[in-house]
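Before any comments, here is the structure.
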2 protein chains.
Amino acid sequence: MTEQDLKTEEKILEAAMTVFIQKGKAAARMQEIADTAGINKALLHYYYRSKDKLYESVFSIVIKQLLLPKIFKILQEEEDVFALIHQFADFYVGVINKNPFIPLFVIEEINKNPNRLSNAVLNSGIPIEQVIARFQKAMDEGKIRKTDPRQILVNLISMCIFPVAARNMLLPILFNNSKTEYKKFLELRKTEVAEFIIQSIKI
Amino acid sequence: MTEQDLKTEEKILEAAMTVFIQKGKAAARMQEIADTAGINKALLHYYYRSKDKLYESVFSIVIKQLLLPKIFKILQEEEDVFALIHQFADFYVGVINKNPFIPLFVIEEINKNPNRLSNAVLNSGIPIEQVIARFQKAMDEGKIRKTDPRQILVNLISMCIFPVAARNMLLPILFNNSKTEYKKFLELRKTEVAEFIIQSIKI
DNA sequence: GTAATGTTTAACCATTTGGTTAAATTATTT
DNA sequence: AAATAATTTAACCAAATGGTTAAACATTAC
């Protein structure tokens, strides 16, 4: 049944996501994925023939449906540079926070399969150069001080992603293991990061 | 022979480091580590009984000898907040750049063994609170604008670590796969990150 | 109701991999 | 030279794991 089909496939994908993220591809066990999905190994292979194929699917979903399209579109839509930075930080921190597994997943993938993600990004039509150009333009117009615009972009991305990727390190060290405190902290970051950057680059 | 002993043990540790970082613990193969070290599997087990023990050794070295002691001492020595930020960024970017495997290694470890690293940090006597307090003091003195000092610290760490961890993603996207360009970029970051922060928080 | 599809069970296979062992060889020490 | 330690070779084992298969059962479609 189509209805049931989707449900099971969804269940599998979510389970696979969880396990692949927690354990990494190599350490992830098909049995555990099946268990997490509430089905058995045979059915798991019935839907996704191999571990590789399953991983491929998960990766594809994470990248194509969660990361690429939504995130960077903002950069095209927003006119003002400062508003753009705000939108970006707000949305990016939000997405990452909702899917805290993404950064690690992506970072791990990057290092084991360097070309795949960068190709995906490069082929996605994401106008990185346009973003860079936008910063450049703002510099030329005297709105922000002059620096390598890539530094700004890297700073922005770093500050959005890292705190989530390093969550398990920050939690005990900075937040006494209080998850609510950490959540509040991340919530504040949505505006904080943008303000931090704007404060730094505005003239 | 003591001389040879150290050499072989060193070779093994370096090889293990390389492989563990590139592949992650689970995907790392003892055979590959042996090959990388230029020895055979039997000798590998002769020195380090098991994969777990070997990993433990590598992790211990990375954390204790490379990360913890050197990095944060600066924070105690430097008087001026701005100088402190400069020293920190300079040193941190430098260390990470020299050992670009560290961030991923640590991040992976964090997520598979959440307590170990944070315990290490907490038990290392590193005065995180003092760092926070230093920012706080600078705020009280009206030297920097008021924010959650943890935000500053997290920003600092994020901007130092992330660009290296995401190296393989940034390289093709922002630097046309030019390693020299990327290296220049990171070299500049040593001062750039500090300036970026100071510019943002100074009054 | 019957065919098709989804799902379970459970046994099974092939491969990979961590780890061992024992014997032979080479280098070091004393 | 003799003893000791380092290193290699190569065969081997046990466990884990990805993946298969076939038969039975359940559910849904037509």
Side-chain angles (χ1 to χ4, degrees), chain A residues 1-62 101 105 108-109 111-113 116, chain B residues 1-62 101 105 108-109 111-113 116:
Chain A
M1 194 33 32
T2 334
E3 195 112 357
Q4 270 296 351
D5 266 5
L6 288 177
K7 263 179 193 163
T8 305
E9 262 188 67
E10 269 301 308
K11 272 196 297 182
I12 293 178
L13 280 180
E14 272 178 35
M17 235 180 232
T18 309
V19 177
F20 276 139
I21 281 30
Q22 277 182 356
K23 307 289 172 88
K25 186 185 175 187
R29 300 286 159 239
M30 293 299 271
Q31 187 58 59
E32 190 180 351
I33 293 176
D35 291 346
T36 307
I39 59 167
N40 53 21
K41 211 174 58 168
L43 191 61
L44 180 59
H45 280 90
Y46 174 79
Y47 277 100
Y48 299 88
R49 277 212 174 113
S50 69
K51 192 183 186 181
D52 276 316
K53 291 236 165 74
L54 179 55
Y55 184 81
E56 197 72 36
S57 301
V58 170
F59 184 77
S60 176
I61 285 180
V62 169
F101 48 82
F105 186 59
E108 196 183 345
E109 179 60 21
N111 286 274
K112 279 167 192 163
N113 212 332
R116 202 156 85 192
Chain B
M1 194 33 31
T2 335
E3 195 111 358
Q4 271 295 350
D5 265 6
L6 288 178
K7 263 179 191 163
T8 305
E9 261 188 69
E10 268 301 308
K11 272 195 299 181
I12 293 178
L13 280 180
E14 271 178 37
M17 235 179 231
T18 309
V19 177
F20 276 138
I21 280 31
Q22 276 181 356
K23 306 288 170 88
K25 186 186 174 186
R29 299 288 159 239
M30 293 301 272
Q31 186 59 58
E32 191 181 347
I33 293 176
D35 291 347
T36 306
I39 58 166
N40 54 20
K41 211 174 55 166
L43 191 61
L44 180 59
H45 279 90
Y46 175 78
Y47 277 100
Y48 298 87
R49 276 216 174 110
S50 70
K51 192 183 186 180
D52 277 315
K53 292 236 166 74
L54 179 55
Y55 184 81
E56 198 72 35
S57 300
V58 170
F59 183 78
S60 175
I61 284 179
V62 169
F101 48 82
F105 186 60
E108 195 184 344
E109 179 60 20
N111 286 273
K112 278 165 190 164
N113 212 332
R116 201 155 84 191

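All chains are named by letter (A, B, ...) in the order of the sequence lines, taking the proteins before the strands, and each is independently numbered beginning at 1.
Distance CG (B/Leu44) to C1' (D/dT8): 14 Å, rounded to an integer number of Å. Atom CG of B/Asn40 and atom C1' of C/dG18 are 15 Å apart (whole Å). Atoms CD1 (A/Ile39) and C1' (D/dA26) sit 16 Å apart, rounded to a whole Å. B/Arg29 has its CZ atom 11 Å from the P atom of C/dT16, to the nearest Å. B/Ile33 has its CD1 atom 10 Å from the P atom of C/dG19, to the nearest Å. To the nearest angstrom, C1' of C/dT15 lies 15 Å from CD of B/Gln31. If you take CD of B/Glu32 and P of C/dG18, they are 10 Å apart, rounded to a whole angstrom. For the pair B/Ile12 CD1 and D/dT7 C1', the interatomic distance rounds to 11 Å; values are reported in whole Å.
Between the NZ atom of A/Lys41 and the CE atom of A/Met30 there is a distance of 8.5 Å, given to the nearest 0.5 Å.
Distance from the side chain of B/Ala42 is smallest for C/dT21 among the nucleotides C/dT21, D/dG19, C/dG19. In the set D/dT8, C/dT5, C/dT8, the nucleotide with an atom closest to the side chain of A/Tyr46 is C/dT5. In the set D/dT7, C/dT8, D/dT20, the nucleotide with an atom closest to the side chain of B/Thr8 is D/dT7.
Using a 4.0 Å heavy-atom distance criterion, B/Ala28 is classed as a sugar-phosphate-only contact. Note on A/Ala34: nothing from the nucleic acid sits closer than 4.0 angstrom, heavy atoms only.
Judged by atom type and distance alone, B/Lys41 reaches the base of C/dG19 through a side-chain donor-acceptor pair under 3.5 Å.
Using a 4.5 Å heavy-atom cutoff, the side chains of A/Asn40 and A/Asp35 are not in contact.
Between the side chain of B/Lys53 and the backbone N or O of B/Tyr47, no donor-acceptor pair lies under 3.5 Å. In this structure, A/Lys25 contributes its side chain and B/Ala27 its backbone to no donor-acceptor pair below 3.5 Å.
Screening A/Val58, A/Leu43, A/Ile12, A/Ile33 for a side chain to side chain contact (heavy atoms under 4.5 Å, CB included) with A/Tyr48, the sole residue that qualifies is A/Ile12.
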